[in-house]
Structure formats: C-alpha cells, structure tokens
Amino acid sequence: MSTLLLKQGRIIDPASAYDAVGDVLIRDGLIAEVGTVSTIADSTIDCSRMIVCPGLIELHAGVRDPGFEEDETTVSATAAALAGGFTSIAAYPDTQPVVDNRAAAEYVILQAARAGNCRVFPLGAVTRDNAGAELADLGQLADGGAVAFTDAKHPIQSAEILRRALEYARMFERPIFTHPQDATLTANGVMHEGYYSTRLGLRGMPAAAEEIMVSRDIALVELTRGRVHLMCVSTRNSVERIRSAKEDQLGVTADVAIHNLLLTDEALQTYDSNYKVDPPFRSSEHVQALVEGLRDDTIDAITSDHQPYASEKKDREIDQVPFGIVGLETLLPLSIRALIEPGHLTWPQLIAKLTWGPAQILGWQNRGTLAKGTPADITVIDPEYRWTIDPARFRSLSRNTPFAGWDVRGRAHLVLVDGEVRYAAE
Amino acid sequence: MNTVPPTIAPGWTRPHLLGLEELSAAEIGHILDTALEFKRLHTIGETKLATLKGVTVGNLFFEPSTRTKTSFSLAAKRLSADTVDFSSAGSSLSKGETFIDTARNIEAMGVPVMVVRHSTSGAPYLLTKHVNASIINAGDGTHEHPTQGLLDILTIKEHRGTIAGLTVVLVGDILHSRVARSNIWGLTKLGARVIVCGPATLIPPYIERLGVEVRYRLDDALEEADCINLLRIQAERQRSAFFPSIYEYAHFYAMNGSRVKRAKDDVLILAPGPINRGVELTPDVADGSRSVILDQVTNGLFIRMACLHLCYHARNQAPMVRPGISPIVTGASLR
C-alpha cells in the first residue's frame with residue numbers, strides 16, 4: 001500500500017460543497033481522506049497557497065488522431081491536456097475515419113493508453129461519417145467506450161434523425177451533444193452577423209441560426225424524454241431558452257467555450273483567422289448573458305473546445321480556413337481572467353464548471369469529485385502564477401490561438417491521474 | 001519626361017492602400033489632388049511620366065477582372081513602370097499553391113508594388129503581413145474597392161466642385177458590394193450625406209452605424225439626390241432568394257428616363273460597371289446627358305496612377321521590415 005499526502009492546500013470539492021484548507025491523502029491511487037490528516041504518508045507534497053481540486057474534465061476536444069496527425073496526435077493532445085490541468089478529456093469523433101463504429105472507439109482508448117498521459121474518452125458519432133443521414137451504431141459505440149454521441153461541429157439538420165438518435169441513445173443512458181446551428185443560415189459564414197460583419201464585408205452567422213436549433217433540440221427532448229447537451233452556446237436567447245427548459249425539468253444541459261467570454265466580433269477587424277471560431281465571437285450583450293447563465297447554473301460547464309489546426313490550414317484567406325482554436329493549455333488562466341478577476345464566479349463555482357459539472361453531464365459519479373474511494377484524479381492549481389501565453393511553448397502540435405502574448409495568471413501546478421503525478425510545472 | 005513631377009505634393013506616408021475606411025479626409029484629398037495633377041499633366045501632353053521608371057508593378061488578380069486590371073496596367077505604364085500580370089486561372093494556384101506563396105514568389109522576382117484583387121475580404125490586408133511590397137487593394141471580396149470609391153468621388157468632385165453637403169444615393173446590392181463600402185467611407189468622410197437604397201434582403205444589418213440613411217424604394221430617394229450611383233446587380237443572387245426576379249428588381253430599382261425626369265435637373269448618374277443595360281439603368285440613361293459613366297473610367301486611370309505613385313514612394317522612404325509570421329529559412333539557420 002503506497003500513500004501520498006497533498007498537504008495544506010485550499011481544497012475545493014464542488015460535489016460535496018467542500019472549501020477549506022487541509023490535506024488530501026491518497027492510498028493506492030484512490031482518495032482515502034480529505035481534511036485534517038494525521039497519517040504519516042510515504043511521500044508528502046506541500047500545497048500551501050495552492051488550490052487542490054478534482055482533475056479538470058474537458059467535455060469535447062479535437063484530438064485529430066487518426067487521420068489528421070499534422071494537427072494533433074493523442075500523445076500531443078494528452079500532454080497539452082495535462083499541462084492545462086485536465087485529467088480527462090472526451091475526444092470529438094470527427095477523425096478520419098470517423099468514430100462511428102466500435103473499433104474506432106476502442107482505437108481512441110488504445111491510443112490514450114499508449115500515450116500514458118491523461119484519460120481520453122471517445123465521443124461516438126451520432127450519424128455514420130458525421131454526415132447527418134443514417135444513425136451510427138450507437139449501442140456498439142457505447143459498448144466500445146463512447147461516453148456520449150455527437151456529430152462534432154457538423155450540426156444535425158434533420159429533426160427526424162435527432163429525434164431517433166435521442167430515443168435510441170436513451171437505452172444506453174448516453175446524452176447527445178449537439179452543435180446547435182441551422183446550417184442554411186450560416187452557409188459560408190465566417191463571423192457573427194452584426195455591425196462588424198457589415199463593416200468588414202465578411203459573411204455573417206446570425207444569432208438566430210443557433211437559437212432556432214436550441215429551441216428545436218429542447219422540443220425534441222420534450223418529445224423523446226432523451227438527453228441533449230448543447231455545446232458552446234453563444235447567444236442571449238439560447239441562454240434564455242435553456243433556462244426555461246431547465247425550469248421545466250427537461251433533460252437539457254449546456255456548456256460555453258471560454259473564448260466566447262473573452263472576445264467579441266470586434267476582434268475580426270484584423271482579418272486574423274485565429275479569430276474564426278464556431279460559434280463565432282458575438283457582440284458584448286451576448287457575452288453578458290453567457291456570464292449570467294454561468295452564474296445561475298443555466299450553463300453547466302466550461303469547455304476549451306480545443307480545435308488544433310496546422311499552420312498551413314490556418315495561414316490562409318479567412319473564408320478558406322477551418323474554424324477553431326487550440327485551448328487545452330489556456331483554459332485555466334483564461335477562466336480566471338474572464339470569471340474570477342471580474343468577480344463573476346467564486347473559485348468553487350468555477351471549479352464546479354470544470355469538474356463536477358462536466359461529470360454530471362456524462363453521468364459520472366466517480367470523477368470530477370474528491371469523494372472517498374474514487375480514483376485520485378486531482379489537479380493542484382497555482383492561482384497566482386503569472387505568465388505570458390507563448391504558443392511556441394505549447395505541447396499541442398498546433399499554434400492557432402488568438403491569445404498569444406496575453407499576460408495571464410494561474411496554471412496547473414501538479415496533475416495526478418490515479419494518484420500518480422503525471423505532470424508537474426517547471 | 002519628369003522623374004517626379006515637382007507639382008506632386010509630398011507628405012504621403014502609407015505604403016499600402018487597403019481601403020478608404022482607414023484614410024483621413026486629408027489623405028483622401030491628397031490622392032484626389034495627385035490624380036488631378038496627373039490629369040492636368042496629361043492634358044498638356046505629358047502622357048508618359050517617369051516616376052516609376054525601373055519599377056515593376058505586379059497585377060495579382062485572384063478573381064477575374066477586365067477593366068480594373070486594364071486600368072491599373074495602363075496607369076503603371078503611364079508612370080513608366082513595367083508590369084507583370086498574374087491571374088489565378090491556369091496558374092500555380094490551381095496546382096495548390098496558396099496566394100501568399102504566390103505573392104512571395106512574385107516579390108522575390110523583384111516586384112515592389114502589387115495590385116491585388118481577391119474574392120476573400122481582407123486578403124490584401126493578410127498579404128501586408130507576409131510581403132514587403134506595397135499592396136494596392138483592387139477589390140477584396142465584399143469589403144472595399146478603394147480605387148473605385150476614389151474615382152467615383154473624383155468624378156463627382158469634378159462636376160460639382162465639392163463633396164460636402166451633397167446627397168449621394170447608392171442603389172442596389174449593398175450587402176455584397178465592395179464599391180458601396182468604399183463609397184460610404186469616402187463620401188461620409190468628405191461630408192456628403194449618403195443614402196443606401198435596395199431591397200431589404202440586400203441591405204446589411206447595422207448599415208446605419210456607418211453613417212448612412214436607408215431607403216427601400218428608389219422613388220423615395222430620387223428627389224433628394226445630387227448623385228445616384230447604380231451598383232451592379234448579380235443575377236445569381238436571385239437563386240439565393242435575395243430578390244424574386246430581375247424583372248421585379250428592375251421595376252423598383254432601374255434608373256430609367258422617367259425616374260431621371262423626377263430627379264434634380266443636374267443629377268449625376270454614376271455606375272461602377274460593368275452595367276446590365278435595362279437592369280440597373282436603361283440605355284437612354286446610361287448614354288444620356290446626366291451620365292458620367294465614361295468620365296469615371298477616365299478618372300480611374302488617374303486615380304490609379306496617383307495610388308501607385310504615392311504608395312510606391314512612401315514605401316521607398318520607409319522600407320518596412322518583413323514581420324516574421326511564417327519564416328521559412330532564416331539567415332541564422334543557414335550558418
């Protein structure tokens with residue numbers, strides 16, 4: 001029996017509403033004791049002035065392996081995840097081939113085991129090839145380890161397909177992650193439709209394109225009693241509709257991408273493709289509504305929505321580049337910047353959106369918590385550490401971020417998976 | 001032949017012309033004055049100046065164009081520059097080369113001025129980050145077409161003496177028009193009142209915040225107009241449900257003889273062309289006494305001479321350091 005003691009940190013465990021300075025004892029990879037621990041451990045790590053919390057969980061990240069190893073590999077994505085404080089990430093199925101069958105799901109898990117960094121859970125495709133036409137083998141995907149189903153950034157246009165997917169996925173107790181967007185309203189769009197799209201002459205993506213699908217998805221949940229998780233909501237009316245769906249106790253959850261809280265459509269003025277994200281940077285009134293949605297728990301989780309792309313794909317004319325930015329290594333400081341520094345969320349509230357919130361969306365009881373007997377996936381955060389974001393130092397293979405050069409504070413100091421230190425900051 | 005005409009005022013500092021949005025009223029005035037001086041020199045027989053002697057101007061047209069390209073080529077030649085043309089059809093772009101690499105290759109052949117047209121908004125802006133050359137925007141996507149805006153303004157100014165206080169109506173597809181945006185920026189900076197007019201589907205959101213008024217019927221703007229600029233309408237927009245039919249469009253927006261009669265006697269009719277006769281304007285109006293369409297074409301040449309001249313010489317005075325956005329091989333790594 002080996003023991004490790006994390007001593008004198010500020011322990012934040014949102015699942016049990018615990019927030020106090022104390023110790024965490026880990027025995028054989030499991031959490032043994034939380035609070036004042038008198039046991040003498042095999043080894044001890046001083047965590048004073050640090051926050052000790054459950055390992056962060058990323059609900060959806062582009063890992064790009066197999067098929068797009070020029071953008072990211074499982075090794076690089078999981079190294080980036082660890083450095084960002086994540087102990088678990090769920091991987092988008094939009095690889096080549098698409099994760100729409102059991103073998104592909106098992107490959108994701110196998111690659112993660114080979115990499116030996118953080119945990120990777122496959123997200124299975126809703127439809128074959130993410131094409132939106134025929135259901136993928138959802139049951140076998142679940143057996144192969146898929147924790148939820150999604151067509152990633154391909155919005156499911158057919159209400160009929162989504163209806164059947166919701167009904168069918170219920171049997172396997174897995175949610176469907178949707179990218180709520182009416183593709184007929186966003187065709188060829190590159191940014192939020194508003195004043196800046198008019199001024200810059202760039203094709204706009206109206207807020208209504210998202211809100212239509214948020215409303216539709218909620219209606220289908222009501223019809224099927226299935227579970228929908230709305231990824232990266234970005235508009236005021238989306239938040240409003242999710243709030244009312246939750247009041248009606250429907251099986252609807254939602255997350256927000258951290259970058260949508262920090263930048264607005266104004267940023268596109270440089271025509272820099274690193275500002276091209278989906279959903280797009282909206283105007284400031286939408287950002288305020290998203291923050292309010294986090295505060296009142298209408299929005300359950302925060303995501304980095306990690307989308308790595310090699311420079312040859314991003315250094316191009318803005319209408320030809322793919323959407324998305326890398327985010328695993330910057331989520332934590334950006335969350336502090338967007339939510340802690342302005343006083344929008346307390347530390348326990350923020351940690352909840354990164355741990356217990358995502359765990360509940362996935363139906364997990366034994367992750368995203370420091371409950372006794374659960375695997376010791378733990379992140380120790382240095383909340384005051386000041387640094388400058390330098391993409392050249394990313395562990396991710398890709399550098400597509402609009403946050404290069406930002407002076408930020410806070411980073412992962414120590415990351416443990418199964419009680420083993422997998423990452424320690426320099 | 002003069003090397004640099006002594007009458008061309010110094011003081012221009014921009015190596016690139018990317019749009020009228022970024023220019024001050026004084027800078028716009030500077031270009032107009034320079035163009036007028038070139039025009040004056042031309043009328044007294046100075047048809048070929050030497051201000052760009054020994055300089056090669058690259059015409060990089062990543063989107064088809066006939067008249068703008070011809071106008072720029074001719075403008076360069078009248079300044080004694082050599083020209084090299086690049087168009088995307090049948091080029092290395094079709095072999096997968098990016099337009100940035102294309103521009104870098106052309107620059108490496110010793111081309112310090114590039115006239116760039118591209119179907120993507122912002123593409124010329126992107127190029128300024130990857131090459132040292134002066135970039136002149138010859139139309140980018142649905143963003144700006146600054147030399148067209150300038151030649152429209154010069155034509156109006158020649159006929160009316162001033163821009164301030166005039167009411168200019170821009171008619172048609174405002175949403176997709178780079179000409180509209182350049183006109184709006186240039187005219188409002190010089191103190192004109194600008195009304196945009198077109199079907200509601202082709203008026204972009206928040207356009208009022210650019211300082212313009214909106215009318216949906218041409219007949220509602222007709223009587224106030226000092227100048228009417230009829231933007232080209234593309235028939236393929238009909239398929240995207242922007243308007244029901246060309247017939248319906250022409251019914252509400254075509255400038256015809258009876259509309260000219262209801263307008264002010266001295267109204268100026270402009271069109272950036274190429275025009276669809278019978279759609280944006282009827283032949284009697286296009287060729288009528290109020291039309292200044294061919295003046296626009298003539299002035300385009302002098303505006304482009306001015307832009308090439310000013311930007312090239314500004315670049316030479318303050319050579320820019322190439323920003324290291326995508327270094328390939330640096331000197332250091334070759335050691």
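Each chain gets a letter, A, B and so on, in the order its sequence line appears, and its residues count up from 1.
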Roughly how far, to the nearest 0.5 Å, is the CG atom of A:Asp315 from the CG atom of B:Leu126? 7.5 Å
Is A:Thr198 close to chain B through its backbone or its side chain, or both, or neither, when contacts mean heavy atoms under 4.5 Å? both
Taking heavy atoms only and a threshold strictly under 4.5 Å, list by residue number the residues of residues 176-193 of chain B that touch chain A; give 'none' if the list is empty. B:Arg181, B:Trp185
Could you walk me through whether B:Glu21 and A:Arg199 pass the side chain to side chain contact (heavy atoms under 4.5 Å, CB included) test, one step at a time? CA-CA 9 Å; B:Glu21 177 181 355; A:Arg199 180 165 152 184; 2.4 Å; yes
Please list all pairs meeting salt bridge (charged side-chain N to carboxylate O under 4.0 Å, His left out) that have one or both residues in residues 194-207 of chain B, counting only residues at least two apart or in different chains. none
Within this structure, what is the OG1-OH distance for the pair B:Thr128 and A:Tyr271, rounded to the nearest 0.5 Å? 12.0 Å
Given a strict heavy-atom distance threshold of 4.5 Å, which part of B:Glu208 is in contact with chain A: side chain, backbone, both, or neither? neither
Atom pair CG (A:Leu200) and OH (B:Tyr125), whose distance is rounded to the nearest 0.5 Å: 10.0 Å
Using heavy-atom distances under 4.5 Å, tell me whether B:Ile207 contacts chain A through its side chain, its backbone, both, or neither. both
Ranked by heavy-atom pairs below 4.5 Å to chain A, first place among B:Gly141, B:Pro204, B:Ser119, B:Gly122 goes to B:Gly122
Indicate the atoms forming the closest heavy-atom contact of A:Ile318 with B:Ser121, along with that distance. CG2-O, 3.9 Å
Would B:Ile100 and A:Arg316 count as a side chain to side chain contact (heavy atoms under 4.5 Å, CB included) if you check the C-alpha gap in whole Å, the side-chain angles of each, and the deciding distance to 0.1 Å? CA-CA 8 Å; B:Ile100 293 169; A:Arg316 303 214 51 181; 5.9 Å; no
